Number of protein chains: 2
Amino acid sequence: MARMVAERPDVIPMLGEIFREYGYEGASLAVITEKTRLGKGSLYHFFPGGKEEMATVVLQQIDAWLEDQIYRPLRESDNPRASISAMCRAVSDYFRSGCRVCLVGAFALDNVRDRFASAIVDYFTAWKSALAAALQKLGHKPDEAADLAEEAVANIQGALVLARALNDPAVFERAMLRIERRLL
Amino acid sequence: MARMVAERPDVIPMLGEIFREYGYEGASLAVITEKTRLGKGSLYHFFPGGKEEMATVVLQQIDAWLEDQIYRPLRESDNPRASISAMCRAVSDYFRSGCRVCLVGAFALDNVRDRFASAIVDYFTAWKSALAAALQKLGHKPDEAADLAEEAVANIQGALVLARALNDPAVFERAMLRIERRLL
DNA sequence: TCAATATTGTACCACTCAGTAAAGAGTTTT
DNA sequence: AAAACTCTTTACTGAGTGGTACAATATTGA
């Protein structure tokens, strides 16, 4: 039969948005088939492991993107100020000023946390340590840098929760400004 | 037939813990009947509105508790330092060092946010303004106090997300110390 | 004692869930 | 051209969903 969608990779970003919008449990196969315009057959052809595999792949893709765009620059740049500043901009963009949810944060609060525990831990650990590396290059002592990094990562998550709760992007933007000011 | 549980009020805290543990969608009636030891008949007798009414009542009860234990002291105490300090302790206790989820925060990230939007907005708004009132009594200017309060409330949520993601209460305790230090 | 009311167990409803099976259509390879 | 492979459609399963109906039973107050 005719191909509806070129390749499996094309579906992954759609799945990401679906999980963001509906959550893991809320993203029923009915929703997924409707939004992706893919029948169940195709879905299970691409992801034999079903919904769980879909979510796993989405989490992998998110990790890869952040590694490229944020973690590596933080670790490897010889201009830590600039890469931290770039991180704040990228985060603000990525989360669309708080209108977009952090999938990993949402999973962490959900009862699917245990199912994706290792991906969730990896996500936050990688972020913390990459940011801490940049902060050390900025002159902070290792434990001081780790503390600052943990605080920043937590505060980003908090800003996302509050902005979505109050449905107010300004809350997120204010928080990101505070976070950047404190890091630099 | 014999009464299993004395009164409707006794069930509400159980429902709270169930929603915390399973989320709104994850808390199926099967789970609820099992954990409360109440049959569907009793459940729908006490809560004719079904699951949605159960969650609404739980949110109301949470709000009432916080109003009593945290908001009112913050607003009315003439020792703002002490009441802010007490708030931090109460929060740490309430969330069991981050092992317990904030139901309202979790709902905010979930796709049930819209259904309980007003309760969610009220929760965070009340908290922010009560804390801002205390900060004003501490000598902060109104907009400065509002900003600090918003930051603190957001950071508590962030600490909850990160602590649960990393499954590490120490993350939450560290964050609460930072928050208290910054407020006082 | 006895009727009114409050509570509970059970069976049931229509619907949705994730997942499967299999046959067919399209494309590639041989 | 035909076999092999990739993808899609369709119909289906069995379990679980929230919610309803109602009769059976307890408790209460007169």
Side-chain angles (χ1 to χ4, degrees), chain A residues 1-59 103 106-107 110-116 119, chain B residues 1-59 103 106-107 110-116 119:
Chain A
M1 275 198 166
R3 270 169 216 231
M4 304 290 305
V5 153
E7 298 288 337
R8 178 181 123 132
D10 300 328
V11 194
I12 300 172
M14 291 192 218
L15 291 174
E17 293 310 314
I18 295 168
F19 284 129
R20 271 184 229 281
E21 191 175 341
Y22 294 88
Y24 183 76
E25 317 231 43
S28 68
L29 287 193
V31 166
I32 296 174
T33 54
E34 186 205 336
K35 298 266 173 183
T36 59
R37 317 288 305 155
L38 249 54
K40 277 192 194 184
S42 309
L43 244 17
Y44 275 87
H45 176 70
F46 287 128
F47 308 97
K51 235 168 73 157
E52 183 150 347
E53 184 178 347
M54 298 180 208
T56 302
V57 169
V58 166
L59 290 173
L103 191 57
F107 276 20
D110 200 278
N111 67 325
V112 297
R113 181 192 61 162
D114 294 348
R115 211 186 302 200
F116 302 103
Chain B
M1 277 201 167
R3 271 168 215 229
M4 304 289 304
V5 153
E7 299 287 337
R8 180 182 123 133
D10 301 328
V11 194
I12 301 172
M14 292 192 217
L15 291 174
E17 292 310 312
I18 293 168
F19 284 127
R20 277 193 167 83
E21 191 175 341
Y22 293 89
Y24 182 76
E25 317 230 42
S28 68
L29 287 193
V31 166
I32 296 174
T33 54
E34 188 206 335
K35 298 265 174 186
T36 59
R37 315 291 302 157
L38 249 55
K40 275 192 192 188
S42 310
L43 244 19
Y44 275 88
H45 175 70
F46 288 128
F47 307 97
K51 232 167 79 157
E52 185 151 345
E53 185 179 345
M54 297 180 208
T56 302
V57 169
V58 166
L59 290 173
L103 191 57
F107 276 19
D110 200 278
N111 67 327
V112 296
R113 181 192 62 161
D114 295 347
R115 210 185 303 199
F116 302 104

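Everything quoted here is computed from the prediction, not taken from an experiment. Below, chain A is the first sequence line, B the second, and so on; all start at residue 1. Basis for what follows: all heavy atoms, side chains included, without hydrogens, waters or symmetry-related copies.
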- Of all residues at least two apart in sequence or in a different chain, which pass the side chain to side chain contact (heavy atoms under 4.5 Å, CB included) check with R113(B)?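 Only R164(A), N167(A), I120(B) meet the side chain to side chain contact (heavy atoms under 4.5 Å, CB included) criterion with R113(B).
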
- For F47(B), enumerate each residue passing the ring-ring contact (aromatic ring centres under 6.0 Å, His included) test, keeping only those at least two apart in sequence or located in another chain.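 Applying ring-ring contact (aromatic ring centres under 6.0 Å, His included) to F47(B) gives none.
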
- Residues which pass ring-ring contact (aromatic ring centres under 6.0 Å, His included) with F116(B), listed by chain and number, not counting sequence neighbours: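 Applying ring-ring contact (aromatic ring centres under 6.0 Å, His included) to F116(B) gives Y24(B), F107(B).
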
- Is the phosphate of dT8(C), meaning OP1 or OP2, less than 4.0 Å from a side-chain N or O of H45(B)?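 So the side-chain polar atoms of H45(B) never come under 4.0 Å of the phosphate oxygens OP1 or OP2 of dT8(C).
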
Taking atom [atom2] of [N] as reference, at what distance in whole Å does atom [atom1] of [X] sit?
{"X": "F47(B)", "N": "dT8(C)", "atom1": "CZ", "atom2": "P", "answer": "12 Å"}
{"X": "L38(A)", "N": "dC7(D)", "atom1": "CG", "atom2": "C1'", "answer": "10 Å"}
{"X": "I18(B)", "N": "dG18(D)", "atom1": "CD1", "atom2": "C1'", "answer": "16 Å"}

- Message: Rounding to 10°, can you tell me the angle the first-five-pair axis of the helix from dT1(C)-dA30(D) to dT30(C)-dA1(D) makes with its last-five-pair axis?
- Response: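 That helix gives 10° between its end axes.
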
- Which of these, L15(B), D10(B), V31(B), sits in a side chain to side chain contact (heavy atoms under 4.5 Å, CB included) with T36(B)? L15(B)

- How does protein contact run along nucleotides 15-22 of chain C, one letter per nucleotide 5' to 3', with B for base contact, S for sugar-phosphate only, - for none, heavy atoms under 4.0 Å? --SBBB--

- Query: Can M14(B) and L38(B) be said to form a side chain to side chain contact (heavy atoms under 4.5 Å, CB included), step by step?
  - Reply: CA-CA 11 Å; M14(B) 292 192 217; L38(B) 249 55; over 6 Å; no

Below 3.5 Å, can you tabulate the donor-acceptor pairs from side chains in residues 52-59 of chain B to any protein atom, sequence neighbours excluded?
from, atom 1, to, atom 2, distance (Å)
E52(B), OE1, R115(B), NH1, 3.3
E53(B), OE1, G49(B), N, 2.6
T56(B), OG1, E52(B), O, 2.8

- Task: Just jot down the side chain to side chain donor-acceptor pair (under 3.5 Å) partners of E34(A), sequence neighbours excluded, or say none.
- Result: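 With sequence neighbours excluded, E34(A) shows a side chain to side chain donor-acceptor pair (under 3.5 Å) to no residue whatsoever.
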
- Listed partners of Y22(B) passing side chain to side chain donor-acceptor pair (under 3.5 Å), at least two apart: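 With neighbours one apart ignored, the set is K35(B).
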
